[in-house]
Amino acid sequence: MVTVGRHAVDVEAATETVTVHVADNGPGVPDSQKAEIFGRGEMGAKSHGSGIGLYLVNTLVNIYEGEVTVEDRGVWLDEPELEGSVFSVTFQRA
């Protein structure tokens, strides 16, 4: 069986910030792991990655004084029954 992931990208430009949101329809990130997933070598139980991707994203965003966050997709869309996560990157506008 092949599972096809779905992704959505949204850009939110406010007066002082710009935020890029990337959402997917995967199983989501458990609340217990949200604080740790940006650490070097951190991987979920079902991860097939190296544990470097989100660490690298977080490191680069921090260098440019931005912030990366993750939240449940359903909460973001005000539809709690939806699974998946939303990763958001926010930068101050120049």
Side-chain angles (χ1 to χ4, degrees):
M1 172 190 255
V2 175
T3 303
V4 177
R6 298 186 65 140
H7 300 82
V9 177
D10 181 53
V11 177
E12 179 183 342
T15 304
E16 297 185 15
T17 60
V18 174
T19 304
V20 177
H21 305 283
V22 180
D24 67 28
N25 67 337
V29 177
D31 290 340
S32 62
Q33 293 181 336
K34 286 180 180 162
E36 291 91 30
I37 61 171
F38 298 105
R40 186 175 182 186
E42 291 294 327
M43 295 185 300
K46 297 180 182 181
S47 176
H48 299 290
S50 64
I52 196 78
L54 290 175
Y55 168 75
L56 179 60
V57 167
N58 192 50
T59 299
L60 292 171
V61 168
N62 284 330
I63 287 171
Y64 290 97
E65 300 179 3
E67 179 184 26
V68 180
T69 59
V70 61
E71 61 186 327
D72 296 334
R73 180 170 158 248
V75 172
W76 182 62
L77 296 173
D78 199 24
E79 297 182 40
E81 69 279 358
L82 293 177
E83 291 185 337
S85 295
V86 177
F87 288 86
S88 301
V89 178
T90 301
F91 291 103
Q92 294 294 316
R93 293 183 78 149

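Legend: residues meeting side chain to side chain contact (heavy atoms under 4.5 Å, CB included) with Pro27, ordered by chain and number and at least two apart, are absent. Listed by chain and number, the residues in a side chain to side chain contact (heavy atoms under 4.5 Å, CB included) with Val89 are Val61, Val68, Phe91 (sequence neighbours excluded). Residues passing the side chain to side chain contact (heavy atoms under 4.5 Å, CB included) test with Glu67 are Thr69, sequence neighbours excluded. For the side-chain hydrogen bond (donor to acceptor under 3.5 Å, both in side chains) test, no residue two or more places apart in sequence or in another chain qualifies with Thr17.
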Practice item. Starting from the C-alpha separation in whole Å, work towards a yes-or-no answer on side-chain contact (heavy atoms from CB on, under 4.5 Å) for Phe38 and Asn62. Key: CA-CA 11 Å; Phe38 298 105; Asn62 284 330; over 6 Å; no
Check your understanding: Can you check side-chain contact (heavy atoms from CB on, under 4.5 Å) on Leu54 and Phe87, steps first, answer last?
Key -> CA-CA 10 Å; Leu54 290 175; Phe87 288 86; 4.0 Å; yes
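Every pair passing salt bridge (charged side-chain N to carboxylate O under 4.0 Å, His left out) that includes a residue from residues 23-32 is listed here, sequence neighbours excluded: Asp31-Lys34.
A donor-acceptor contact shorter than 3.5 Å links the side chain of Arg93 to the backbone of Ala14.
One distance of note links CD of Gln92 with CD of Glu65; it measures 9.0 Å at 0.5 Å rounding.
Here the closest non-hydrogen pair linking Ser85 and Gly28 is OG-CA, 3.2 Å.
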